[in-house]
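These notes are about the structure you will find just below.
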Amino acid sequence: VLIEKVDTPFLLVDPVKATRNASRMRERIAALGTGLRPHVKTAKSLDVAAIMFDGGVGPITVSTLREAEAFGQAGYTDIVYAVGIASHKLARVAALRERGVDLVVLLDTVDQATAVAEASKRSGIRIPALIEIDCDGGRGGIAPDDPLLPSLARVLADGGAEPRGVLTHAGESYFCRTEDELVAAAEGERAAAVRAADHLRGAGFDCPVVSVGSTPTALYARDLSGVTEVRAGNYVFFDLVMAGIGVCGVEDIALSVVTTVIGHRPDRGWILTDGGWMATSGDRGTAGQPVDQGYGLVADVHGRIYPDLLMADANQEHGVLRMRDGSTAPLPDVPVDTQLRILPNHACATAAQYDRYHVLGPVGDLQAVWPRIQGW
Ligand SMILES: Cc1ncc(COP(=O)(O)O)c(C=O)c1O
């Protein structure tokens, strides 16, 4: 199928770049001697997950039970649900475990541990849980030395559930600016997880799982001693935020939104497209970075980036392209009906606007359509 034949906006994935990104991560984590548990929340796609594993069904991380159910159905049996559990979701967790999926939940409060223990008793299924550790003051989790840590494990174990280990995510690594900061974030993440695991072991628990990960820390960890698995997901596509941190180049970004030029405002130096914030998402993740990329960088339909051309503004179904402030480059001459690619700030958010991927073929054509898992 010719790209030009598909109605815009649509989500385009370049499988060659995704495959290269996936190999890079697999090789790095293998070289560090630990396991990789890719996060499927970015791609939410069985087809993209196959690229992340180079075939086969390995361990995965999910961000919704819908992902767990879809991947479980497809034969993935080793799944961590890495968002804190709410008690009303435990019936679905138990149902998946009953079907042979080793689904593990995440928690950091006594109420959650009690609910998991009660659900285990009620269903007769021993539900495993990881305890979330806060390694950088970012979001959820408890400190590695918090006395609550062994107490949570005790509530789980005594109540008929299974304390399986600890999990941490260095979300603050997204704000690193230098290689030294990235290396330090990775080591901080590792050290917090290992300290928490030692704390649990000191209290008499096994702690077989010591789980860390984010794309920046996974790519900059120098040593992962004591860690049993790394979770990362964004890396399969990368995006402008990751390029702004410096963990990839813009040429590595495997995801874009194809839009069409629908008008010009020469008096304002604007090119208008049919891709507004519905098409790209409203994510402005590069706004806080040294180089603000607006709603995205602009490339031609073949992926060649126009220097300094930005999607600077967005309405629901209109994108406004203009030159970056201070640029001396001329506005490119792109007639109405020309297709353009927008490289996203945040791949997870942009992809979430779509129910499918269009897959780039070897000669710039479209070779397939891959569905995305939506909802919760
Ligand atoms: C708990 C958890 N683990 C792992 C990841 C993967 O990190 P990244 O998106 O940087 O690959 C995320 C992403 O938000 C996460 O929330």
Side-chain angles (χ1 to χ4, degrees), residues 18 21-22 24-26 28-29 34-45 48-49 51-52 58-65 67-68 79-85 103-108 112 129-142 164-176 181-182 185-186 188-190 192-193 196 209-221 224 227-248 252-255 281 283 285-286 289 344-352 376:
N21 296 340
R24 176 182 167 201
M25 183 63 83
R26 274 201 305 274
R28 259 203 73 78
I29 301 306
T34 189
L36 180 62
R37 178 183 289 281
H39 206 317
V40 299
K41 78 182 191 104
T42 305
K44 293 183 188 265
S45 153
V48 177
I51 289 178
M52 292 168 108
I60 55 168
T61 316
V62 299
S63 63
T64 65
L65 286 180
E67 290 162 31
I79 303 180
V80 168
Y81 173 34
V83 174
I85 193 67
L103 180 63
V104 182
V105 301
L106 182 67
L107 54 84
D108 61 2
Q112 288 169 305
L130 298 174
I131 299 170
E132 187 169 6
I133 304 302
D134 179 9
C135 62
D136 59 12
R139 190 172 57 192
I142 60 175
R164 190 170 285 182
V166 292
L167 175 149
T168 194
H169 167 63
E172 296 298 298
S173 66
Y174 278 51
F175 304 104
C176 288
E181 286 175 15
L182 286 162
E189 186 182 50
R190 184 200 74 85
V209 172
V210 183
S211 182
V212 304
S214 70
T215 288
T217 52
L219 290 172
Y220 279 83
L224 287 172
V227 164
T228 63
E229 62 180 36
V230 175
R231 306 173 322 278
N234 179 284
Y235 69 89
V236 71
F237 294 151
F238 285 127
D239 52 31
L240 293 171
V241 166
M242 289 293 154
I245 299 170
V247 305
C248 70
D252 296 320
I253 299 173
L255 193 73
S281 87
D283 196 287
T286 54
Q289 293 189 325
N345 277 322
H346 185 179
C348 313
T350 297
W376 288 265

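When a ligand or atom number is given, it counts from 1 through the structure's own listing order.
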_What verdict does the side chain to side chain donor-acceptor pair (under 3.5 Å) test give for Ser214 and Ser173, after you've listed the backbone C-alpha separation in whole Å, the side-chain angles of each residue and the deciding distance to 0.1 Å?_
CA-CA 8 Å; Ser214 70; Ser173 66; 3.2 Å; yes
*asked:* So if I apply the side-chain hydrogen bond (donor to acceptor under 3.5 Å, both in side chains) rule between Asn345 and each of Asp239, Thr350, Thr286, which one comes out positive?
replied: Thr286
*Has the side chain of Asn234 got a donor or acceptor atom that lies under 3.5 Å from a matching backbone atom of Thr42?*
no
*Anything with a heavy atom under 4.0 Å from ligand 1 counts, so go ahead and list those protein residues by chain and number.*
His39, Lys41, Ala82, Arg139, His169, Tyr174, Gly213, Ser214, Thr215, Pro216, Arg231, Ala232, Gly233, Asn234
*Glu229/Ser211 under side chain to side chain donor-acceptor pair (under 3.5 Å): CA gap, chis, key distance, verdict*: CA-CA 5 Å; Glu229 62 180 36; Ser211 182; 2.7 Å; yes
_Can you confirm whether His169 sits close enough to Arg139 that some side-chain heavy atom of one is under 4.5 Å from a side-chain heavy atom of the other?_
yes
*Would you give the length of the straight line joining atom CZ of Arg24 to atom CG of Leu219, rounded to the nearest 0.5 angstrom?*
4.5 Å
